[in-house]
Amino acid sequence: MQENNINLTSTDERSLQFVARHYRQGAFDAGQAWSKLDIPCTSSYYRRRVIAIAAAVIVIVGSAFVIRHLINSSSSLAEPHPVTLACNDANTTYLLPDDSRVTLTRGARLTYDMSTFAEKRDITLDGRAFFDVTHNESSPFTVNTDVATVTVLGTRFAVNDESQSTIVQVQEGKGGDMPQRNRDTRARHNGHCHRQRT
């Protein structure tokens, strides 16, 4: 028989002597020790605890994202973001955020607010422009000039904002509403709507 030499430190020797002195066969029962701790020793208990902790983390992280989104969206709505399009030389065509197209003629200038354009397609025109408006019944397309306001849902039309009048020529679809401003008069004929300041 072969002997194994084990080098024990004095601490190890004292521990072994303590166990040898106090050990009694069958005196220690692991099941009884767990029951004294009053913690269920089942995997379902730990699984429920892990699920509860994970759910709490998800709720906290989700709430943080929602609050951050609300703060960012409310701050972006509070700050207008004006966009100005201009044509200095030859006719220039622009694509608006709603996929409508506008062609500005020389000297024309168009302004809209990017922060509200998705909900309210409202623009201001100074000069002459042709519009090919994407149809959207829930969000009318409005062109404001010094003399008139033209509102459509989706059509092709031209607006000529001159110094004393605004002329609207509808090329395709129905012409929109041109409510009166100030003391203006209006006349409609053959797809044209002319408003002149009096």
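No experiment lies behind these values; they were computed from the predicted model shown.
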Point-to-point distance, once rounded to the nearest 0.5 Å, from [atom1] of [X] to [atom2] of [Y]:
X	Y	atom1	atom2	answer
D132	R156	CG	CZ	5.0 Å
S139	D98	OG	CG	7.5 Å
L125	L104	CG	CG	7.0 Å
Y46	R49	OH	CZ	10.0 Å
M114	Y112	CE	OH	4.0 Å
T92	Y94	OG1	OH	4.5 Å

Give a yes or no answer on whether the side chain of T105 reaches the backbone of R128 with a donor-acceptor pair at less than 3.5 Å.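 Yes, T105 side chain to R128 backbone: donor-acceptor pair under 3.5 Å.
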
Indicate yes or no for a side-chain donor-acceptor contact from T134 to the backbone of D99 under 3.5 Å, with no hydrogens or angles considered.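 Yes, T134 side chain to D99 backbone: donor-acceptor pair under 3.5 Å.
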
In a check of side chain to side chain contact (heavy atoms under 4.5 Å, CB included) between S63 and each of V66, I60, V61, V59, which one passes?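 With S63 as partner, V66, I60, V61, V59 yield a single side chain to side chain contact (heavy atoms under 4.5 Å, CB included), made by V59.
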
Does any part of the side chain of [Y], heavy atoms only, come nearer than 4.5 Å to the side chain of [X], both counted from C-beta?
X	Y	result
L96	F117	yes
L110	V102	yes
R121	S100	yes
V83	L85	yes

May I ask whether F65 and V57 are part of the same hydrophobic cluster, defined by side-chain heavy atoms of I, L, V, M, F, W, Y residues being less than 4.5 angstrom apart, directly or through others? yes

Same cluster (ILVMFWY, side-chain, under 4.5 Å), V133 and F130: no

Begin with the C-alpha distance, continue with both residues' side-chain angles, and end with the deciding distance and a verdict on side chain to side chain contact (heavy atoms under 4.5 Å, CB included) for T142 and T149. CA-CA 7 Å; T142 304; T149 298; 3.3 Å; yes

Take R109 and C87 through the test side chain to side chain contact (heavy atoms under 4.5 Å, CB included) and record every step on the way to the result. CA-CA 7 Å; R109 180 181 162 121; C87 178; over 6 Å; no

Residues two or more places apart in sequence or in another chain: which of them pass side chain to side chain donor-acceptor pair (under 3.5 Å) with D126?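 Checked D126 against side chain to side chain donor-acceptor pair (under 3.5 Å); zero matches.
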
Tell me every residue that passes side chain to side chain donor-acceptor pair (under 3.5 Å) with D113, counting only those two or more places apart in sequence or in another chain.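 D113 satisfies side chain to side chain donor-acceptor pair (under 3.5 Å) with S115 once adjacent residues are dropped.
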
Between V143 and F157, is a side chain to side chain contact (heavy atoms under 4.5 Å, CB included) present by the stated rule, with each step listed? CA-CA 11 Å; V143 179; F157 65 100; 4.0 Å; yes

Would N144 and D122 count as having a side-chain donor-acceptor pair, cut-off 3.5 Å? yes

Decide yes or no on side chain to side chain contact (heavy atoms under 4.5 Å, CB included) for V152 and F131, but give the supporting numbers first. CA-CA 11 Å; V152 299; F131 296 91; over 6 Å; no

Kindly check if the number of other-residue, nucleotide or ligand heavy atoms within 6.0 Å of NE2 (H135) is above 12? yes

